[in-house]
2 protein chains.
Amino acid sequence: MKNRLKVLRAERNWSQAELAARLEVSRQSVNAIETGKYDPSLPLAFRIADLFGLAIEEIFLRD
Amino acid sequence: MKNRLKVLRAERNWSQAELAARLEVSRQSVNAIETGKYDPSLPLAFRIADLFGLAIEEIFLRD
DNA sequence: GCGAAATGTCAAGATACATTGACATAATAT
DNA sequence: ATATTATGTCAATGTATCTTGACATTTCGC
């Protein structure tokens with residue numbers, strides 16, 4: 001499961017800490033998801049999709 | 001996080017056991033997700049969406 | 001180059017997700 | 001009515017997700 005988080009974040013000039021704050025998760029969680037250590041839970045994936053105004057399928061890709 | 005699993009399964013006349021087999025998870029997992037005990041992981045949500053040929057957003061709804 | 005901000009990573013702990021095995025009850029079929 | 005199938009649920013266990021706190025390294029502005 002790959003994701004486009006880093007790119008989406010860069011497009012908005014958000015730091016990992018800023019994204020984490022907007023998602024109400026820890027900075028370490030954002031980093032872990034971005035660096036592929038694990039996938040977000042489904043509810044968090046929805047919050048991410050909502051924040052960027054995209055469908056989950058447009059952010060998370062089957063590997 | 002609500003979901004339409006039970007309906008989609010009924011449309012196909014699949015038992016929980018049959019759906020579990022197609023998803024390669026346990027019957028208890030399907031039951032737990034259907035009865036709202038917990039949400040599936042993101043990878044499992046993708047497998048479910050793929051199986052039914054729908055977008056994740058068409059199966060799982062923000063509550 | 002120096003200091004600040006950003007990123008990567010580790011450890012320890014909590015809660016969520018998924019498993020097997022078992023059992024009770026409900027629904028269906030013969 | 002009895003047997004089979006389907007569903008709901010429990011306990012115990014293991015892995016995944018997420019947390020706080022800490023520290024090292026990289027990147028950026030000045």
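In what follows, every heavy atom counts, from backbone to side chain, and hydrogens, waters and symmetry copies are set aside. Numbers restart at 1 for each chain; the letters A, B, ... are given by sequence-line order, proteins then strands.
Here the side chains of B:E34 and B:V30 are in contact, with some heavy-atom distance below 4.5 Å. Counting only heavy atoms from C-beta outward, the side chains of A:I33 and A:Y38 approach each other to under 4.5 Å.
How far CG of A:L44 is from CG of A:L51: 10.5 Å, rounded to the nearest 0.5 Å. In this structure, the separation between CD1 on A:I56 and CD on B:E57 is 4.5 Å, given to the nearest 0.5 Å.
Distances shown here put every side-chain N or O of A:N31 at or beyond 4.0 Å from the OP1 or OP2 atom of C:dT7.
Regarding B:K37, its NZ atom lies at a distance of 14 Å from the P atom of C:dA16, rounded to whole Å. One interatomic measurement links the two molecules: CG of B:N13 to C1' of C:dA29, which rounds to 15 Å at whole-angstrom precision. In this structure, B:L5 atom CG and C:dC17 atom P are separated by 14 Å, rounded to whole Å. Note: NZ (A:K6) to P (C:dA6) measures 15 Å, nearest angstrom.
Here A:E24 does not pair with A:R47 in a salt bridge; the nearest charged N to carboxylate O distance is not below 4.0 Å.
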Open item on the list: I need a per-nucleotide contact map over nucleotides 18-24 of chain D, read 5' to 3'. Cutoff is protein heavy atoms under 4.0 Å; write B for the base, S for backbone only, - otherwise.
Closed with: BBBBB--
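Scored by the salt bridge (charged side-chain N to carboxylate O under 4.0 Å, His left out) test, B:E58 finds no partners at all (sequence neighbours excluded).
Contact check of residues 14-23 of chain B against DNA chain D (heavy atom, cut-off under 4.0 Å) returns B:S15, B:Q16.
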TODO: I would like to know whether A:F46 and B:R62 meet side-chain contact (heavy atoms from CB on, under 4.5 Å); could you show each step before the answer?
DONE: CA-CA 8 Å; A:F46 266 91; B:R62 303 155 182 78; 3.4 Å; yes
Open item on the list: Could you walk me through whether A:E18 and A:R9 satisfy the salt bridge (charged side-chain N to carboxylate O under 4.0 Å, His left out) test, starting with their C-alpha distance in whole Å, then the side-chain angles of each, then the deciding distance to 0.1 Å, before giving a yes or no?
Closed with: CA-CA 9 Å; A:E18 192 158 351; A:R9 192 168 58 75; over 6 Å; no
